[in-house]
A.B. asks: 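Mind having a look at this structure? Questions to follow.
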2 protein chains.
Amino acid sequence: MNSEFTIAVHSLVLLAHLPDHMATSEEIAANVSTHSARIRKVMGFLRKAGYVSTKEGIGGGFILSCKPEEVTLGEIYRLTCQGTLKPSWCSGDESKPCMISSKMDRLMGKVFCDAEKQMENYFEGHTIGSMLEQIRAFECPQSNTESLS
Amino acid sequence: MNSEFTIAVHSLVLLAHLPDHMATSEEIAANVSTHSARIRKVMGFLRKAGYVSTKEGIGGGFILSCKPEEVTLGEIYRLTCQGTLKPSWCSGDESKPCMISSKMDRLMGKVFCDAEKQMENYFEGHTIGSMLEQIRAFECPQSNTESLS
DNA sequence: CAATCTGTAACGGTTACAATGACAGTAAGC
DNA sequence: GCTTACTGTCATTGTAACCGTTACAGATTG
């Protein structure tokens with residue numbers, strides 16, 4: 001799996017942690033530990049799906065436009081990674097006369113698709129809000145500092 | 001996910017379809033559509049785990065040494081891919097004072113681990129035997145030919 | 001000892017992914 | 001209206017994972 005799912009979740013949790021704060025792509029990138037252009041790309045998906053609002057120009061950035069406890073990780077997974085569980089590499093050869101070789105790829109496609117649905121089902125049980133709660137529940141000696149850096 | 005899981009499943013289903021037949025890595029590779037050296041590598045894992053027996057030298061090859069209906073895809077997944085669901089890329093930075101940044105990677109690690117377990121749980125519901133049955137159940141006009149090529 | 005097979009390591013090409021740079025477009029403040 | 005500070009997006013480069021392939025030692029048969 002590529003890491004856009006992780007970046008999207010991290011960014012949303014961060015924004016949920018900073019309500020009413022316009023965070024720039026630079027701020028988010030520093031927090032996530034990646035480049036701001038990557039953040040802007042992922043945030044583009046989240047904007048089109050209505051999870052964040054963006055504002056260009058001075059004082060602009062990103063802000064949450066949804067309720068954290070209503071956004072599940074399943075939605076974010078589908079937005080960023082759906083269909084990527086199955087390897088692109090294909091087993092067998094449909095043109096072969098052998099029953100196994102000619103049908104294995106179709107069968108594995110079904111298996112991977114169903115497995116992915118199971119995983120999505122697990123992700124449905126978690127929300128951006130519950131993720132933030134879990135982070136806050138970790139034992140955190142220095143958690144009172146609200147620095148972004 | 002890399003494709004060793006797929007190769008292992010395909011090879012085992014093929015061997016289950018050809019009971020009492022010593023299949024060489026060349027034969028299996030032709031059926032799977034890959035190189036024989038890759039087959040030998042994957043079969044090495046399956047041999048060490050006791051799913052197949054191998055024989056070197058003339059007349060050698062691979063043969064199933066388990067009951068197809070007792071081998072689940074979950075076992076094969078753990079053997080070939082366990083732990084690969086989580087991207088190697090890491091979000092955040094443990095050394096940062098920010099609660100979100102410093103704890104996100106640990107949290108995502110747990111999320112991916114649990115998601116993988118869900119997927120494994122799905123794979124547990126399928127066996128090499130049931131996979132073979134599904135292939136045989138496909139509508140197959142030319143399925144009587146038992147050619148390997 | 002010759003032929004055929006596994007077991008395993010190494011190398012090279014290709015593809016996917018991440019980091020980065022660049023720049024047009026947009027909005028705010030002066 | 002000009003400057004500044006942002007987003008949105010594309011192109012390029014570096015890098016790691018993956019797959020195909022070659023090579024060869026070891027084992028077994030005849």
Side-chain angles (χ1 to χ4, degrees), chain A residues 1-8 10-11 15 21-49 51-65 80-81 83-93 105 148, chain B residues 1-8 10-11 15 21-49 51-65 80-81 83-93 105 148:
Chain A
M1 193 181 320
N2 72 24
S3 52
E4 293 190 350
F5 173 65
T6 302
I7 292 175
H10 187 143
S11 301
L15 291 179
H21 176 80
M22 265 286 179
T24 67
S25 59
E26 287 288 345
E27 286 174 327
I28 301 173
N31 199 271
V32 171
S33 290
T34 186
H35 197 273
S36 57
R38 263 199 106 189
I39 296 294
R40 291 198 292 274
K41 182 186 176 199
V42 173
M43 298 308 269
F45 298 141
L46 298 178
R47 173 177 53 82
K48 286 167 192 163
Y51 297 116
V52 299
S53 298
T54 68
K55 194 180 163 200
E56 301 184 5
I58 295 179
F62 303 89
I63 194 167
L64 212 62
S65 61
T80 54
C81 294
T84 61
L85 184 65
K86 181 180 193 289
S88 53
W89 186 88
C90 283
S91 182
D93 181 347
D105 187 51
L148 276 174
Chain B
M1 194 182 319
N2 72 25
S3 50
E4 292 191 349
F5 173 65
T6 302
I7 292 175
H10 188 143
S11 301
L15 292 179
H21 175 80
M22 266 286 178
T24 66
S25 59
E26 287 288 344
E27 286 174 326
I28 300 173
N31 199 272
V32 171
S33 289
T34 186
H35 198 274
S36 57
R38 267 200 101 189
I39 296 295
R40 290 198 293 273
K41 183 186 175 199
V42 173
M43 297 308 268
F45 298 142
L46 298 178
R47 174 178 53 82
K48 286 166 192 162
Y51 297 116
V52 298
S53 298
T54 67
K55 194 181 163 199
E56 301 183 6
I58 296 177
F62 302 90
I63 193 167
L64 212 63
S65 61
T80 55
C81 295
T84 61
L85 184 65
K86 181 180 191 290
S88 54
W89 187 87
C90 283
S91 181
D93 182 346
D105 188 51
L148 276 173

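No experiment lies behind these values; they were computed from the predicted model shown. Computation of the quantities below employed the complete heavy-atom set of this structure, encompassing side-chain atoms and omitting hydrogens, waters and symmetry-equivalent molecules. Chain A is the first sequence line, chain B the second, and so forth, proteins listed ahead of strands; every chain is numbered from 1.
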A.B. asks: Looking at side-chain heavy atoms only, is the closest gap between A/E27 and A/H21 below 4.5 Å?
C.D. replies: yes
A.B. asks: Nearest-Å distance, CD1 (B/I39) to C1' (C/dC5)?
C.D. replies: 15 Å
A.B. asks: Hey, is the side chain of B/W89 poking within less than 4.0 Å of OP1 or OP2 on D/dA16, counting only N and O atoms?
C.D. replies: no
A.B. asks: Mind calculating the distance between CG (A/N2) and P (D/dA16) to the nearest angstrom?
C.D. replies: 18 Å
A.B. asks: Quick one: label B/S88 by what it contacts on the DNA or RNA (base, sugar-phosphate, nothing), any heavy atom closer than 4.0 Å.
C.D. replies: nothing
A.B. asks: Ignoring backbone atoms, test whether B/T34 places a side-chain nitrogen or oxygen under 4.0 Å from the OP1 or OP2 oxygen of D/dG20.
C.D. replies: yes
A.B. asks: Tell me the closest heavy-atom pair linking B/G60 and B/T24, and the distance in Å.
C.D. replies: O-CG2, 3.8 Å
A.B. asks: Is the backbone of B/T6 close enough, under 3.5 Å, to the side chain of B/S3 for a donor and an acceptor to pair up by distance?
C.D. replies: no
A.B. asks: Sequence neighbours excluded, which residues qualify as salt bridge (Lys or Arg N to Asp or Glu O under 4.0 Å) partners of A/K55?
C.D. replies: none
A.B. asks: Rounded to whole angstrom units, what separation is found between the CE atom of A/M22 and the P atom of C/dT26?
C.D. replies: 17 Å
A.B. asks: Using whole Å, what does the distance between atom C1' of nucleotide D/dT13 and atom NE2 of A/H35 come to?
C.D. replies: 13 Å
A.B. asks: Roughly, in whole Å, what's the span from CD in B/E4 to C1' in C/dT8?
C.D. replies: 14 Å
A.B. asks: Apply side-chain hydrogen bond (donor to acceptor under 3.5 Å, both in side chains) to the pair A/S65 and A/R47, showing each step before the final yes or no.
C.D. replies: CA-CA 9 Å; A/S65 61; A/R47 173 177 53 82; over 6 Å; no
A.B. asks: Please give, in whole Å, the distance from C/dA18 P to A/M1 CE?
C.D. replies: 12 Å
A.B. asks: Could you write nucleotides 1-10 of chain D as a row of B, S and -, 5' to 3', where a protein heavy atom under 4.0 Å of any base atom gives B, of only sugar-phosphate atoms gives S, and otherwise -?
C.D. replies: ---BBBBBB-
A.B. asks: Is there a donor-acceptor contact under 3.5 Å from the side chain of A/S33 to the main chain of B/G92?
C.D. replies: yes
